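Note that the structure is predicted; figures quoted are calculated from it, not measured. Every chain is numbered from 1 and lettered A, B, ... according to where its sequence line falls, protein lines coming before strand lines.
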Amino acid sequence: MMSAEFLRALNEKQREAVEATEGPLIVLAGAGSGKTKMLTSRITHLMVHKGVSPHSILAVTFTNKAAKEMRERVEKFSGGNLGWNTPEIGTFHSVCLKILRFELASTPYVKPFVIYDDSDQLSLIKTICRKMTLDEKQFNPKAIQATINRAKCDAVEASQYQPANFNHFQKKVREVYELYQNELFAQCAIDFGEIICLTYRLFRDNPEIRQKYQKRFKYIHVDEYQDTNRAQYLLLSALAGKTAGGHQNICVVGDEDQSIYKWRGADIRNILDFEADYPGAQIVKLEQNYRSTQTILAAASHVIKNNRERREKTLWTENEAGHKIVRVKAPDERVEAEFVISEIKRLAHEETYALKDFTIFYRTHAQSRQFEDVLRREKIAYQIYGGLRFYDRKEIKDILSYFRVLINPLDSVSIKRIINTPTRGIGKTTLDKVEEYQIAQERARGQVVPYWQALLEAAGLEHPDPAVPATTILTGAALKKLQGFIYLIEQFREKAKSFLPTELFHWILEETGYVRELKEEATDEALARIENLEEFDNLLQEFEEDQFAEKTDAEQAELRPRLLDIYIEQATLDSDSATRAEQAELDRLSMMSLHSSKGLEFPVVFMVGMEEGLFPSIRPWEEGAEEEIEEERRLCYVGITRARERLYMSHVGVRRLWGETHYQEPARFFAEIPDSVIDERDLSYGSVGFVSRRSSEFRSTTQTSTFGGSKSFTGSAHVLHGAKFIHPDYGAGRVVAVEGSGEQEKVVVEFSAKDKRKFITKYVRQFIDID
DNA sequence: TTTAGCTCAATTTTT
DNA sequence: TTGAGCTAAA
């Protein structure tokens with residue numbers, strides 16, 4: 001491609017952003033406004049027209065998919081002649097990891113580390129809780145994990161962890177956090193959060209290292225800036241910001257309206273406060289949408305404008321008005337699913353849509369069941385996104401654990417995973433004894449004793465004091481079996497020195513009898529596992545071929561011993577790559593959560609289960625409702641703006657959830673979309689099926705929820721007290737208290753002596769009988 | 001050491 | 001309602 005050609009393909013605003021290469025720049029990129037095109041053009045422009053060395057350019061994304069796409073487009077724009085000098089384009093995690101590995105000497109790690117994913121992290125936390133003899137009921141390991149990870153998102157270290165009202169639970173979390181960090185470093189392992197935090201601390205505490213990278217990365221780009229957390233923000237500040245040496249050549253791209261990961265630590269303030277952080281920053285708004293019809297954009301705009309935490313921004317398009325949005329009311333989730341699938345079949349027949357042009361978005365994965373049932377019955381090919389990932393499957397994790405133990409003997413999580421997998425008679429009693437021994441030794445020696453070391457000593461193969469002959473704490477069969485395991489691993493380690501990953505994989509399966517055991521089991525589940533292992537074999541082979549491609553013999557020889565490390569890292573950090581390969585280019589109907597829909601687009605979108613309590617998924621009696629509602633509204637906005645041509649939104653009257661029957665109200669978002677762009681259908685029993693009609697029934701219910709005038713409520717607060725209350729679910733009750741006022745006003749209703757519930761008044765008004 | 005039954009919890013998940 | 005993960009029987 002000729003150098004100026006890619007610039008001509010841009011609109012005025014995109015070009016403005018591309019050409020503003022010096023100083024801080026924030027690009028507010030609405031959905032479907034050509035953000036990636038802008039970013040990749042900008043990077044190309046820097047290299048081709050500004051003579052900037054690719055080596056000086058950094059671009060960080062959140063997903064591997066986004067990074068890959070960006071790399072490919074930059075490569076294409078610059079005519080494929082970049083050679084080896086390419087810009088650094090990667091995820092936050094992969095970029096940080098590269099830096100950490102390079103600067104290993106300045107980190108707490110004494111040798112290269114492995115990455116612990118969330119489940120590895122949880123096992124380690126459980127071990128620590130056991131060592132601390134914490135009551136798992138009171139101190140739920142998952143809750144502890146979530147708290148630690150949240151602290152890491154906020155860049156809070158264990159020693160600083162001291163929240164405002166430091167409660168009993170949090171004090172224990174701090175203890176666990178401290179021990180956990182010790183173990184991480186001792187085991188040469190790192191978790192996702194630590195990858196970011198440690199890199200930040202590396203820059204913060206080592207000015208010379210910071211300056212080195214400040215000098216290297218002269219042009220910094222950040223994608224999806226609205227999703228950055230505190231730690232990522234600080235990291236970027238250290239590199240580009242006000243810190244000594246910061247050049248402030250930073251270009252952030254994002255859309256606060258698409259910020260849906262607050263619950264994972266993303267801080268929307270980062271994008272809202274950018275100009276305050278970088279005074280004099282240029283602002284460019286990308287508001288022209290190239291994806292959706294006017295109708296779809298109108299709906300999206302009307303919904304999102306109800307949020308307060310945002311900047312004014314209006315999407316527009318040159319596309320046609322298109323079809324109206326179809327709002328569907330089904331009596332229950334069964335009919336909802338039947339309708340959606342029959343509509344898909346109808347459109348696929350009558351129009352020229354392929355199956356992959358359709359998608360179903362839901363708020364929770366549990367909702368997929370109904371649709372799956374119908375699809376299986378109708379024999380329609382489908383694909384669920386975001387379920388169990390390939391690398392998360394048990395058998396795959398087991399094999400990866402073998403690999404990891406061979407690379408890093410200090411990785412206790414992986415050792416514990418495979419020590420009795422497949423079963424080799426090393427049971428709980430034996431393992432308890434080893435752990436007991438390990439704890440005693442750690443106390444005696446005042447330092448972490450690696451689990452592998454404890455195993456060696458327990459098996460009488462080594463002694464803490466080399467001068468003393470080894471003794472054993474185990475006897476008989478248990479001892480023999482543990483020794484057998486140790487010899488097995490040592491044998492594998494020997495093989496790992498010369499084997500390719502595929503060869504090692506086959507060897508391990510053979511020696512452990514992993515597949516043999518599954519074959520004997522012969523259940524459907526076991527057979528599926530064998531298939532997955534075969535798939536793993538393919539992936540591993542492809543990986544080796546990829547790595548060796550276009551390399552000289554000498555380069556291949558140099559690469560060979562590192563293959564296993566590279567593979568493990570990819571499997572942990574890009575756990576989606578396997579699934580992506582699997583599902584490429586298949587004509588299937590896709591289903592996914594609204595969260596996973598971000599960044600995608602489809603000609604026809606079905607948003608299902610749009611009901612108060614499910615989506616928005618707010619429990620009305622919980623606090624902090626307004627901010628949560630805004631996040632749910634953004635989620636709705638994301639869903640709507642995925643649609644190119646047609647959009648359906650459905651809700652049901654009755655939904656069975658966890659064995660309970662719920663009478664559902666339509667989502668408040670319906671009331672925010674103008675009637676003029678909506679076509680309503682009521683599938684209720686008794687009404688004529690699939691016949692379009694203007695229902696006054698809907699309007700009356702939605703108006704109840706919009707009817708939030710504080711005047712009428714504050715006046716009636718005392719009147720409500722003592723009022724009779726008939727709830728369709730809980731039956732008759734009485735209002736015993738009224739809390740808050742205006743929009744936030746809640747009533748406490750007593751249904752029985754021990755059953756009191758809180759409701760936001762404006763949503764339950766129709767249940768209150770004031771007389 | 002395996003297994004059957006029990007309890008418990010249950011949004012969203014880029015890395 | 002479902003499933004995962006864990007304690008009492010075989």
Side-chain angles (χ1 to χ4, degrees), chain A residues 60-68 90-97 115-123 126 136-137 140-143 146 149 152-153 190-197 199 223-224 226-229 231-232 258-266 333 361-370 385-389 391-392 394 420 422-431 477-478 481 521 569-577 592-600 609 613-619 622 628 631-632 634-636 638-639 655-662:
Chain A
V60 281
T61 64
F62 277 87
T63 65
N64 290 293
K65 199 174 151 219
K68 188 168 174 245
T91 62
F92 268 100
H93 294 265
S94 69
V95 169
C96 286
L97 220 39
I115 302 165
Y116 275 178
D117 69 15
D118 288 347
S119 67
D120 301 324
Q121 184 188 37
L122 185 61
S123 326
K126 278 184 181 164
E136 290 211 357
K137 290 263 157 51
N140 176 249
K142 276 196 180 136
N149 282 340
K152 290 193 174 199
C153 285
I190 195 164
D191 64 49
F192 289 135
E194 197 61 29
I195 291 172
I196 310 294
C197 290
T199 313
D223 192 18
E224 307 277 20
Q226 77 281 351
D227 288 338
T228 50
N229 60 32
Q232 287 156 336
Q258 294 186 64
S259 164
I260 53 175
Y261 286 108
K262 183 192 165 150
W263 51 277
R264 291 203 65 183
E333 61 265 43
F361 297 158
Y362 35 73
R363 181 61 237 264
T364 68
H365 287 295
Q367 291 165 257
S368 71
R369 258 203 77 134
Q370 299 294 333
Y385 286 73
L388 189 59
R389 276 192 287 236
Y391 288 116
D392 286 339
K394 186 186 176 299
N420 199 32
T423 48
R424 48 174 73 90
I426 303 177
K428 196 174 181 301
T429 328
T430 310
L431 295 179
K481 284 168 180 167
E521 206 181 307
E569 177 155 322
Q570 196 202 72
T572 321
L573 224 50
D574 190 6
S575 54
D576 229 25
S577 60
M592 67 193 79
S593 70
L594 281 152
H595 281 88
S596 3
S597 79
K598 200 172 80 163
L600 305 175
L614 182 62
F615 182 41
S617 95
I618 302 297
R619 290 85 161 148
E622 271 175 17
E628 319 254 310
E631 177 124 337
E632 296 290 308
R634 290 192 288 267
L635 199 50
C636 184
V638 166
R655 185 176 290 278
R656 274 161 297 265
L657 214 57
W658 307 334
E660 275 181 300
T661 304
H662 294 261

With a 3.5 Å distance limit and no angle check, can you tell me whether [X] reaches the backbone of [Y] through a side-chain donor-acceptor pair?
{"X": "Glu569(A)", "Y": "Ile115(A)", "answer": "no"}
{"X": "Asp191(A)", "Y": "Tyr116(A)", "answer": "no"}
{"X": "Glu333(A)", "Y": "Arg656(A)", "answer": "yes"}
{"X": "Asn420(A)", "Y": "Gly425(A)", "answer": "yes"}
{"X": "Glu631(A)", "Y": "Glu628(A)", "answer": "no"}

With a 4.0 Å cut-off on heavy atoms, is [X] in touch with a base, just the backbone sugar-phosphate, or nothing at all?
{"X": "Ser596(A)", "value": "sugar-phosphate"}
{"X": "Phe615(A)", "value": "nothing"}
{"X": "Asp117(A)", "value": "nothing"}
{"X": "Gln121(A)", "value": "nothing"}

In Arg264(A), Glu194(A), Gln121(A), the residue satisfying side chain to side chain donor-acceptor pair (under 3.5 Å) with Asn149(A) is Gln121(A)

What is the distance, to the nearest angstrom, from the [atom1] atom on [X] to the [atom2] atom on [N]?
{"X": "Asp227(A)", "N": "dT15(B)", "atom1": "CG", "atom2": "C1'", "value": "12 Å"}
{"X": "Ile426(A)", "N": "dT1(B)", "atom1": "CD1", "atom2": "P", "value": "9 Å"}
{"X": "Ile195(A)", "N": "dT14(B)", "atom1": "CD1", "atom2": "P", "value": "15 Å"}
{"X": "Leu594(A)", "N": "dT14(B)", "atom1": "CG", "atom2": "P", "value": "14 Å"}
{"X": "Asp223(A)", "N": "dT15(B)", "atom1": "CG", "atom2": "C1'", "value": "15 Å"}
{"X": "Asp191(A)", "N": "dT15(B)", "atom1": "CG", "atom2": "P", "value": "16 Å"}
{"X": "Glu660(A)", "N": "dA10(B)", "atom1": "CD", "atom2": "P", "value": "15 Å"}
{"X": "Lys262(A)", "N": "dT11(B)", "atom1": "NZ", "atom2": "C1'", "value": "15 Å"}

Side-chain N or O of [X] closer than 4.0 Å to phosphate OP1/OP2 of [N]:
{"X": "Arg656(A)", "N": "dT2(C)", "answer": "no"}
{"X": "His365(A)", "N": "dT13(B)", "answer": "yes"}
{"X": "Ser593(A)", "N": "dT13(B)", "answer": "yes"}

Could you give the distance separating dT12(B) and dG5(C) at their P atoms, to the nearest angstrom?
-> 16 Å

Close side-chain approach of Asp223(A) to Phe62(A), heavy-atom, < 4.5 Å | no

Any chance you could list the contact pattern along nucleotides 3-10 of chain C? Use B for base contacts, S for sugar-phosphate-only contacts and - for none, protein heavy atoms under 4.0 Å, 5' to 3'.
-> ---S----

Can Trp658(A) be said to stack with the base of dT1(C), given centres closer than 5.5 angstrom and planes under 30 degrees apart?
-> no

Can you tell me how far the SG atom of Cys636(A) sits from the CZ atom of Arg634(A), to the nearest 0.5 Å?
-> 12.5 Å

Quick one: which of dT11(B), dT15(B), dT13(B) gets closest to the side chain of Trp263(A)?
-> dT13(B)

Of Ile260(A), Leu635(A), Thr364(A), which is the lone residue that meets side-chain contact (heavy atoms from CB on, under 4.5 Å) with Leu594(A)?
-> Leu635(A)

Should the pair Trp263(A) and Tyr261(A) be assigned to parallel (<30°), tilted (30 to 60°) or perpendicular (>60°) ring geometry?
-> tilted

For nucleotides 2-9 of chain B, which of its nitrogen or oxygen atoms have a protein nitrogen or oxygen under 3.5 Å away, and what is each distance?
| from | atom 1 | to | atom 2 | distance (Å) |
| --- | --- | --- | --- | --- |
| dT2(B) | OP1 | Thr423(A) | OG1 | 3.1 |

Pairwise 5' ranking along DNA chain B for Thr430(A) and His595(A), keeping only the more 5' one | Thr430(A)

